[in-house]
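Whatever order the structure lists ligands and atoms in, that order sets their numbers, starting from 1.
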Amino acid sequence: MPTVSQKGLNMPESPIRKLVPFAEAAKKRGAKILHLNIGQPDIKTPQIALDAVRNNTIDVLAYSRTEGSETYREKLAGYYAKNDIHVSSDDIIVTTGGSEALSFVMGSIADADNEIIIPEPFYANYNGFATGAGVKVVPVVSRIEDNFALPPIEEFEKLISPKTKAILICNPGNPTGYLYSKEELQKLAAIVKKHNLFLVADEVYREFTYDGVEHYSIMQEPGLEEHAIIVDSVSKRYSMCGARIGCLVTKNREVIKTAMKFAQARLSPPTYAQIAAEAALETTQAYFDEVKAEYVERRNLLIDELGKIEGVKVARPKGAFYCIAELPIDDAEDFAQWLLEDFRLNNETVMVAPAAGFYATKGLGENQIRIAYVLEKESLKHAVNILKEALKSYIG
Ligand SMILES: Cc1ncc(COP(=O)(O)O)c(C=O)c1O
């Protein structure tokens, strides 16, 4: 039999999706599963975006431009200006989700065997994109005890080698919910300037910041023009995960020129979805205020309820819609699988994401899970109660 590639064998499975077969089997056996495992919001997509596609009269569903439609990119530049990020449409390449932007960025800035430093735990698919590009992820540990704050800058400096090309952060963070302060970002800015590295910020959760704290973007920081690259997406912002529209943004002309070649190879981003994303830019502030208020209530409820379970430690998220919880068990993956295979409370159970896959360092996060608070409050409270009863039964 012909053999598959070593790179393919090295590709990590998504910790978010790898338990899906167990969930499907449980559903077939009639169990109800409350999903706390995946960042698919239950929030309604803005009507204006749905209508733009519904009411469209296109005759030929043609390719769009490689870098994305001109009108969409121009309006996107306006969106960024409102967020105090001053870019032109030429600084933006529209991609098929933030996912494609991440792979274009890795391909554009790093060669095989180059290294990218990422605070862990991090969005697990960074491992997949890095493996695909042959790039090595070098993790720097952030800890639940510190609420996952930026690790001391010396920790980054210790890891920088001639192979290092970039520092990649997710702000606000998936899976931690951590929101980097302006001061923390300025420390990172100093270090990338000193060592001539890129600073890549995945800001797909930009709108979701809580407790009155504003998001500060790396592209608001003066002097980072040649270093800063933003990865962005409409998936979470407008609850439009299925549109598959994202973008990369940078003032660095060489990066744009290089990323364009990757973009040309895949021809163009999806046409209908760009129409939806362009219309979504008209979404009112009232929509975001409502969505944010909803997430804050969910977060508060989740953190309070988890805090009541003996032995559970949780970091308080300041943004996005995830948290990491440490459980009084040794093997969260075994627990997550057991929840799906063996545990039922009135024929219901919960699905969670074991956190080890969000770390690059072996052995870390093994007693942690990631919870996405993408269920409305009553279901969320119910889900945490199931988790509590399950833990009692699992520990015995
Ligand atoms: C931090 C982060 N970055 C990027 C993505 C990719 O999103 P998409 O490809 O849907 O834009 C996700 C999706 O969950 C994410 O959480």
Side-chain angles (χ1 to χ4, degrees), residues 12-18 20 35-43 45 49 68 72 76 79 92-107 116 118-130 132-133 137 139 142 148 166-180 200-209 215 217-218 229-249 259 262-263 266 269-270 273-274 276-277 280 295 317-324 352-353 355 357-360 370-374:
E13 270 187 295
S14 160
I16 306 160
R17 290 175 181 257
K18 74 178 182 190
V20 167
H35 285 272
L36 298 173
N37 60 308
I38 191 158
Q40 170 58 62
D42 60 344
I43 304 285
T45 305
Y72 179 41
L76 258 183
Y79 157 83
I92 302 171
I93 297 177
V94 179
T95 52
T96 306
S99 303
E100 192 180 60
L102 280 161
S103 84
F104 287 177
V105 169
M106 295 237 185
I116 296 185
I118 314 180
E120 67 178 351
F122 52 75
Y123 175 50
N125 285 333
Y126 294 161
N127 273 328
F129 295 122
V137 169
S142 71
F148 296 111
I167 294 173
L168 165 60
I169 57 164
C170 183
N171 187 33
N174 171 10
T176 61
Y178 190 76
L179 179 69
Y180 290 105
V200 183
D202 179 337
E203 298 186 355
V204 307
Y205 297 96
R206 178 182 302 108
E207 270 71 17
F208 306 105
T209 66
H215 181 260
S217 169
I218 56 162
I229 306 172
I230 291 182
V231 167
D232 213 341
S233 170
V234 304
S235 290
K236 319 291 164 160
R237 181 168 308 139
Y238 309 111
S239 196
M240 276 171 64
C241 295
R244 312 306 308 130
I245 291 289
C247 63
L248 72 86
V249 189
F262 287 91
R266 64 73 164 117
Q274 284 182 88
Y295 279 130
K318 296 190 273 186
F321 37 73
Y322 307 94
C323 76
I324 292 277
V352 296
F358 296 87
Y359 289 82
R370 185 195 73 167
I371 295 177
Y373 41 103
V374 290

Side-chain donor or acceptor of Ser239 paired with backbone N/O of Ile43 under 3.5 Å: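 Yes, Ser239 side chain to Ile43 backbone: donor-acceptor pair under 3.5 Å.
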For a side-chain contact (heavy atoms from CB on, under 4.5 Å) check, start with the C-alpha distance between Met106 and Leu168, then their side-chain angles and the critical distance, and finish with the verdict. CA-CA 10 Å; Met106 295 237 185; Leu168 165 60; 4.3 Å; yes
Can you sort out the partners of Glu120 under salt bridge (Lys or Arg N to Asp or Glu O under 4.0 Å), two or more places apart, ordered by chain and number?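 Listed in chain order: nothing, the list is empty.
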Using ring-ring contact (aromatic ring centres under 6.0 Å, His included) as the criterion, list what pairs up with Phe122, not counting sequence neighbours.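 Phe122 satisfies ring-ring contact (aromatic ring centres under 6.0 Å, His included) with Tyr126 only.
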I need the single residue from Phe321, Tyr295, Tyr178 that forms a ring-ring contact (aromatic ring centres under 6.0 Å, His included) with Tyr205. Which is it?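 The passing option is Phe321.
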What does the list of residues with a heavy atom under 4.0 Å from ligand 1 look like, ordered by chain and number?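 Lining ligand 1 at under 4.0 Å, by heavy atoms, one finds Gly97, Gly98, Ser99, Tyr123, Cys170, Asn174, Asp202, Val204, Tyr205, Ser233, Ser235, Lys236, Arg244.
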Within residues 169-178 or reaching into it, pairs that qualify as salt bridge (charged side-chain N to carboxylate O under 4.0 Å, His left out) - sequence neighbours excluded: none
